[in-house]
Each structure stands twice: as structure tokens, then as C-alpha cells.
Number of protein chains: 2
Amino acid sequence: MTAESRADHRPATPPLTERQEARRRRILDASARLAARGGFDAVQMREVAEAAGVALGTLYRYFPSKIHLLVATMQDQLQHMHTTLRKRPPAGADPATRVAETLMRAFRALQREPQLADAMVRALTFADRGVSPEVDTVSRLTTAIILDAMGAEQPTPAQLSAVRVIEHTWHSALITWLSGRASIAQVKIDIETVCRLIDLTAPERPHR
Amino acid sequence: MTAESRADHRPATPPLTERQEARRRRILDASARLAARGGFDAVQMREVAEAAGVALGTLYRYFPSKIHLLVATMQDQLQHMHTTLRKRPPAGADPATRVAETLMRAFRALQREPQLADAMVRALTFADRGVSPEVDTVSRLTTAIILDAMGAEQPTPAQLSAVRVIEHTWHSALITWLSGRASIAQVKIDIETVCRLIDLTAPERPHR
DNA sequence: CGCTAATGTAGAACAAGTTACAGACTTGAT
DNA sequence: ATCAAGTCTGTAACTTGTTCTACATTAGCG
């Protein structure tokens with residue numbers, strides 16, 4: 001509402017110089033690399049700084065906390081995934097199938113780097129109010145991916161709610177899998193289950 | 001695989017003496033009290049120990065980490081809630097309504113102590129493999145509460161999956177509310193949305 | 001070019017979770 | 001009542017996220 005929230009909006013980013021862009025990238029890469037090795041605990045700020053060839057204070061200037069860093073890492077990875085998914089859109093006939101397919105594809109991608117996934121998702125759910133804007137960005141990205149798969153241009157409120165529920169399920173199921181409390185098969189079933197909600201919101205087949 | 005994992009199984013609880021039971025209770029109470037004040041960060045192990053009148057080492061003997069402590073605190077609070085809910089079962093006509101009503105009731109209870117809720121839920125989702133058994137206990141408790149509300153004695157696999165999805169949504173929605181990224185109204189809608197999954201699994205009305 | 005503010009560096013210092021340890025206290029069996 | 005084993009206590013040390021400080025480098029600008 002304030003003038004600032006209209007003008008600055010999200011990228012309150014006074015454009016970075018080339019070297020700064022490079023530093024940021026080195027940091028994110030180091031973060032992902034360490035995370036892929038040993039998960040959340042292995043992403044130690046001193047190590048990230050050293051691996052990125054940057055002073056600790058600088059690291060903190062770019063990412064004000066470990067959580068911020070890992071959430072940004074997740075943002076980064078999600079971008080990749082989104083573009084990858086766009087290249088080969090899901091083939092299912094109805095929206096629910098396509099969404100389930102997309103999510104399972106994403107899931108399998110994460111399976112390849114379970115430690116990285118662990119670090120990112122744990123950071124995401126542990127994030128407190130101070131990280132809300134960044135977490136929100138991740139959430140919007142995820143929403144975009146799901147809506148893409150649904151093929152919903154102008155989602156109704158009911159559809160948006162369904163998408164939120166799917167996101168909830170996605171994150172939470174991921175966590176239970178990562179902490180070894182659910183099998184992949186179970187995750188698959190749950191994803192498919194929650195995707196049936198999409199059918200309930202489809203305006204196109206008023207067959208009831 | 002070892003003899004121990006077969007014999008000890010879960011309740012590796014060599015029954016506690018009275019004084020030990022009392023200590024455990026003091027610790028859990030102190031934990032809840034501190035959490036209610038300042039959330040996750042305010043639950044500092046040294047403070048919990050002091051407030052409970054116990055040495056730091058003892059605290060760690062009872063609860064091997066802060067996460068264990070907070071998950072146990074959540075277990076404790078859930079017990080309360082379960083017995084409270086049993087006293088006044090939800091009144092809705094169909095299962096979906098009853099579950100939604102129950103969850104919103106629980107939600108309003110948590111609203112009264114948002115900081116406590118924050119501490120418990122953050123601990124729950126942050127828990128790693130080492131806390132799986134305890135987290136699983138919480139999960140089973142939640143499942144029991146939901147099944148109670150459904151009135152499902154012999155849930156089918158499809159129903160169990162729906163319940164898991166509802167749990168996922170419940171936790172995740174709670175988190176987004178606690179971190180200020182969703183309103184109570186939105187949580188309510190999402191809970192109601194996900195509860196419609198129950199209708200899809202009801203074996204009693206094969207009206208399709 | 002030369003100045004100034006912003007940015008980066010190195011390293012110390014601090015905070016809170018966790019571990020380690022030496023000595024006192026309990027408990028349960030004899 | 002006594003002894004051994006197991007618990008507790010008090011306290012210090014260690015780890016890792018975070019903050020702070022003093023100095024060096026860089027970038028933009030006149």
C-alpha cells in the first residue's frame with residue numbers, strides 16, 4: 001500500500017554489477033554443492049563463504065541468514081525445473097493427471113539429490129516471518145508450475161484453493177519422505193489423491 | 001537388525017520412578033511456558049533446565065535435543081486436545097463437515113497460543129530422521145483425531161491416503177498462517193477444500 | 001585524475017545448542 | 001546397612017550461526 005510497495009515491489013534490487021552477480025552465483029552454487037553433499041547441516045556459513053571465495057561478512061550481506069540462503073537456493077533450482085518442465089509439458093488427458101505427472105516428475109528430480117532437497121525444504125518450512133517475501137516467491141513459482149500443468153489461465157478461487165492444498169501436500173509429503181517416514185509409493189498415492197481435488201473444481205464438466 | 005532393535009522396539013522406556021515422572025513433567029511444562037511466551041527461539045535449553053529445576057545434562061538425558069523436546073511438547077498438547085475433543089464430538093452430518101469442524105476447532109485452540117503453536121509446528125517440520133519415531137507418534141495421534149471425527153472404524157486405504165493428505169494440508173496451512181503468509185479465512189477455505197476429498201472416498205453412497 | 005560512499009576482507013567476539021566430565025545423590029539388591 | 005550401578009548436578013568446553021570492527025578495495029562522479 002505504501003508508495004514503496006508499489007514502486008519497489010519485489011526486486012528491491014539496486015541492479016548488481018557484473019562482479020556482484022558473479023559473487024552471488026558463486027555463493028548459490030557453493031550452497032547447492034554443499035547441500036547436495038551433506039544436507040542442511042553441511043551448509044555451514046563459513047564453508048559456503050570459503051567455497052565461494054568471499055568473506056563471511058559479504059555472504060551475510062548477500063543473504064542475511066542461512067535460511068535466506070537456502071530459500072534462495074531453492075528459488076534458483078525451481079527456476080531450472082520450471083524451464084525444464086516447460087520444454088516437455090505433461091501429456092495426460094485431464095488436468096488432474098497432468099498435475100500429478102508434473103509433480104511426480106519434479107519429485108524424481110529431487111530424488112536424484114535427496115540431500116539438496118532436504119536442505120531446501122527444511123529451510124523453507126523452518127523459515128519464519130522474516131523470510132516471508134522470499135518464501136512467497138518460492139510459493140508463487142510452485143503455483144505457476146502447477147497452474148501451467150493444469151492449463152488454467154484464469155483460475156477460479158476454488159481452483160486456487162485446490163492448488164494451495166496441492167502445494168501443502170507436496171511440501172509436507174516431501175518432508176515425510178525425506179525424513180524416512182513415508183515411501184515413494186505412498187507419496188505417489190497421496191499426490192494422486194490430492195490431485196483429484198482438481199476434478200471437483202473443473203468448471204467445464206458440470207455433470208453433477 | 002540388532003537384537004536390541006527387536007526387543008526394545010519403540011517404548012524403550014524402562015518405567016520411570018515418581019521423581020523422574022515429575023521431572024519430565026516439569027520440563028515439558030517449562031518448555032510449553034517458555035514457548036508460549038516467545039515461540040521457538042525463546043525455548044532455550046539452559047532456560048528450560050533452570051525453569052524446570054534440573055541440570056542441563058539431565059534435560060538432555062530426558063530429551064536428546066531441542067527438537068525432541070518440542071516434539072514431545074506437541075505430543076503432550078495433542079493428548080490434551082484429543083481428550084477435550086472427545087468430550088464434545090463434532091456435530092456435522094457428514095464426515096467431511098465433521099473433520100473440517102474438528103480441525104477448525106483445533107486451529108482456534110492453537111490461535112490462542114500462537115507462539116506455542118509456532119514452536120511446536122516448526123520443530124515438527126524441522127525434525128530430521130533422528131526424531132522420526134517421535135514425529136510418527138504425533139502423526140498417529142493426529143490421524144486418530146481425524147479418523148475419530150470421520151467416524152471411520154475400518155478405514156480403507158483410499159481413506160487413509162485422504163487422511164494423510166488432510167494432515168499434510170493441516171500442518172502446512174498452519175505454517176503459512178503462523179508465518180503470516182495466509183489469513184485465517186484462507187486456512188479455513190483450504191481445510192474445507194481438502195476435506196471434500198473425504199466425500200470421494202466414502203463407500204456408503206455409491207451414487208456415481 | 002582524485003574524492004567519497006559503498007562494498008568487500010579478515011578475523012575477533014558473541015549466542016545458543018550440544019557434549020564432556022568430575023563429583024554428589026538415589027536406588028535396588030544383597 | 002552397605003555396596004555397585006545408575007542418575008543428577010554444576011560447570012566448562014566446543015560448534016556453528018550471527019554480529020561487529022577496523023581496514024582495504026571498488027565504483028561512480030566531479
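The chains referred to below are lettered A, B, ... by the order of the sequence lines, with proteins before strands, and numbering in each begins at 1. Please read all numbers here as calculations on a predicted model, not as lab measurements.
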Atom pair distance, as rounded to whole Å: [atom1] in [X] and [atom2] in [N]:
X: Phe40(A); N: dT15(D); atom1: CZ; atom2: P; result: 19 Å
X: Glu50(B); N: dT9(D); atom1: CD; atom2: P; result: 13 Å
X: Met45(A); N: dG17(D); atom1: CE; atom2: C1'; result: 8 Å
X: Glu18(B); N: dT27(C); atom1: CD; atom2: P; result: 10 Å
X: Ile67(B); N: dG17(C); atom1: CD1; atom2: P; result: 10 Å
X: Glu47(A); N: dG17(D); atom1: CD; atom2: C1'; result: 13 Å
X: Phe126(B); N: dG17(D); atom1: CZ; atom2: P; result: 10 Å
X: Arg19(B); N: dT7(D); atom1: CZ; atom2: P; result: 14 Å

Residues [X], [Y]: salt bridge by 4.0 Å N-O rule:
X: Asp29(B); Y: Arg33(B); result: no
X: Asp148(A); Y: Arg98(A); result: no
X: Arg46(B); Y: Glu50(B); result: no
X: Glu192(B); Y: Lys188(B); result: yes

Considering heavy-atom distances to DNA chain D, does Arg23(B) or Arg46(B) have its closest nucleotide positioned more toward the 5' end?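 Nearest-nucleotide comparison on DNA chain D picks Arg23(B).
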Is it the case that Lys66(A) places NZ or CZ above or below the six-membered ring of Phe40(A), under 6.0 angstrom from the centre and within 45 degrees of the axis?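 Yes - Lys66(A) lies over the ring of Phe40(A), closer than 6.0 Å to its centre and within 45° of its axis.
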Need one value for Val48(B): base, sugar-phosphate or nothing, where a base atom within 4.0 Å counts as base even if backbone is also close, heavy atoms only.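 Since no nucleic acid heavy atom lies under 4.0 Å of Val48(B), the category is nothing.
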Side-chain touch Gln20(A)/Tyr62(A), heavy atoms, less than 4.5 angstrom: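 Yes; the side chains approach each other to less than 4.5 Å.
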Just to be sure I understand the geometry, which residues of residues 51-66 of chain B put a non-hydrogen atom under 4.0 Å away from DNA chain C?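 Those residues are Leu56(B), Tyr60(B), Ser65(B), Lys66(B).
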Gap between atom CZ of Arg164(A) and atom CD of Gln186(B) - 0.5 Å precision: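 These two atoms lie 3.5 Å from each other.
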Does a nitrogen or oxygen in the side chain of Gln20(A) sit under 4.0 Å from OP1 or OP2 of dG8(C)?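 Checking Gln20(A) against dG8(C): at least one side-chain N or O falls below 4.0 Å of OP1 or OP2.
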